[in-house]
Amino acid sequence: QDYTTYASLTYRQYNNLVDHLAARISTHLSTALAGADEKIVCGVLGPGGTDYLLAQLALLKLPNVVMFPISPRNSQTAVEHLIRLTNTRLLLTFTPYL
């Protein structure tokens with residue numbers, strides 16, 4: 001690999017990616033968000049990094065959505081318990097954690 005080359009985005013490009021992801025997520029939550037006065041919990045389960053941050057920011061942009069980060073260091077049983085306990089309606093995750 002060539003470690004002297006860097007991929008980069010302007011803030012506008014990054015913000016556009018976040019907005020696009022937020023719009024895609026909102027389509028999955030459209031019925032839950034329609035006229036909802038209460039907050040909807042959406043979890044993010046991942047190792048961190050750029051994609052994880054992108055998912056978190058997208059959820060933070062949605063109205064009536066509470067972003068709930070879940071550490072992959074938790075056991076599967078613990079993750080399942082947290083999802084039930086918080087009434088998580090949508091879980092964003094990455095391939096290794098499916």
Side-chain angles (χ1 to χ4, degrees):
Q1 290 185 359
D2 182 5
Y3 292 104
T4 61
T5 345
Y6 301 96
S8 65
L9 294 172
T10 65
Y11 176 77
R12 178 174 293 177
Q13 290 168 320
Y14 188 75
N15 192 52
N16 289 342
L17 282 172
V18 171
D19 287 343
H20 177 74
L21 181 57
R24 291 194 63 194
I25 293 168
S26 70
T27 62
H28 293 285
L29 296 173
S30 60
T31 55
L33 288 172
D37 290 331
E38 64 184 57
K39 302 286 185 183
I40 297 168
V41 178
C42 295
V44 183
L45 173 67
T50 307
D51 292 337
Y52 187 75
L53 181 60
L54 179 76
Q56 286 184 330
L57 292 176
L59 289 173
L60 290 172
K61 285 190 169 215
L62 295 173
N64 293 329
V65 169
V66 174
M67 186 272 303
F68 177 52
I70 304 171
S71 172
R73 290 180 291 195
N74 289 306
S75 68
Q76 180 178 342
T77 305
V79 169
E80 291 170 358
H81 175 72
L82 288 169
I83 289 170
R84 279 192 304 277
L85 185 68
T86 60
N87 195 27
T88 296
R89 300 284 288 276
L90 178 71
L91 178 66
L92 302 178
T93 191
F94 299 85
T95 305
Y97 306 105
L98 293 175

**Q** With rounding to the nearest 0.5 angstrom, report the CD to CG distance, E80 to L85.
**A**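 So the gap between those two atoms works out to 13.5 Å.
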
**Q** Taking only residues two or more places apart in sequence, or in another chain, which ones meet S71 in a side-chain hydrogen bond (donor to acceptor under 3.5 Å, both in side chains)?
**A**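 side-chain hydrogen bond (donor to acceptor under 3.5 Å, both in side chains) list for S71, sorted by chain: R73.
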
**Q** Taking only residues two or more places apart in sequence, or in another chain, which ones meet L60 in a side-chain contact (heavy atoms from CB on, under 4.5 Å)?
**A**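 Scan of L60 (side-chain contact (heavy atoms from CB on, under 4.5 Å), adjacent residues dropped) gives L57, M67.
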
**Q** Taking atom OH of Y14 and atom OG1 of T50, what is their separation to the nearest 0.5 Å?
**A**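 Here the rounded value is 6.5 Å.
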
**Q** What are the two closest heavy atoms between I70 and Y52, and how far apart are they?
**A**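 Minimum heavy-atom contact is N-OH, 4.0 Å.
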
**Q** What closest approach, in Å, do V65 and C42 show between heavy atoms, and which atom pair accounts for it?
**A**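 V65 and C42 have their closest heavy atoms at CG1-SG, 3.8 Å.
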
**Q** Is the side chain of T93 donor-acceptor paired with the backbone N or O of L98 at a distance under 3.5 Å, no angle test?
**A**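 Side chain of T93 to backbone of L98: no pair is present.
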
**Q** Going by side-chain hydrogen bond (donor to acceptor under 3.5 Å, both in side chains), name the residues that satisfy it together with R12, two or more places apart in sequence or in a different chain.
**A**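 Partners of R12 under the side-chain hydrogen bond (donor to acceptor under 3.5 Å, both in side chains) test: none.
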
**Q** With sequence neighbours excluded, tell me which residues meet side-chain hydrogen bond (donor to acceptor under 3.5 Å, both in side chains) with T86.
**A**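 With neighbours one apart ignored, the set is T88.
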
**Q** Quick one: NZ on K61 to CG on D19, what's the gap to the nearest 0.5 Å?
**A**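 Rounded to the nearest 0.5 Å, the NZ-CG separation comes out at 3.5 Å.
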
**Q** Applying salt bridge (Lys or Arg N to Asp or Glu O under 4.0 Å), can you list everything that pairs with D51, at least two apart in sequence or on another chain?
**A**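 Not a single residue meets the salt bridge (Lys or Arg N to Asp or Glu O under 4.0 Å) criterion with D51.
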
**Q** What heavy-atom pair brings Q13 and S8 nearest, and what distance separates the two atoms?
**A**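 Looking at all heavy atoms of both residues, the closest pair is OE1-O, 4.4 Å.
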
**Q** For F94 and L45, which heavy atoms make the closest approach, and how far apart are they?
**A**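 Shortest heavy-atom separation between F94 and L45 comes out as CD1-O, 3.4 Å.
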
**Q** So which heavy atom on L62 is nearest to which on A22, and how close?
**A**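 Smallest interatomic distance, heavy atoms only, reads CD2-O, 3.5 Å.
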
**Q** Out of the candidates L92, L59, L21, V44, only one should pair with L54 under the side chain to side chain contact (heavy atoms under 4.5 Å, CB included) rule; please name it.
**A**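 Checked L92, L59, L21, V44 against L54; only one passes side chain to side chain contact (heavy atoms under 4.5 Å, CB included): L21.
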
**Q** So which heavy atom on N87 is nearest to which on V41, and how close?
**A**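 Smallest heavy-atom distance, with atoms named: O-CB, 4.2 Å.
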
**Q** Would you sort out whether V79 and Y97 count as a side chain to side chain contact (heavy atoms under 4.5 Å, CB included), showing the intermediate values?
**A** CA-CA 11 Å; V79 169; Y97 306 105; over 6 Å; no

**Q** Heavy-atom count check: over 12 atoms from other residues, nucleotides or ligands less than 6.0 Å from Q76 CD?
**A**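 Atom CD in Q76 is not packed in, count stays at 12 or less.
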
**Q** Which distance, rounded to the nearest 0.5 Å, do you find between the OG of S26 and the CG of N64?
**A**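 Result: 12.5 Å between the selected atoms.
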
**Q** Which residues satisfy the side-chain hydrogen bond (donor to acceptor under 3.5 Å, both in side chains) test with T95, sequence neighbours excluded?
**A**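 Applying side-chain hydrogen bond (donor to acceptor under 3.5 Å, both in side chains) to T95 gives none.
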
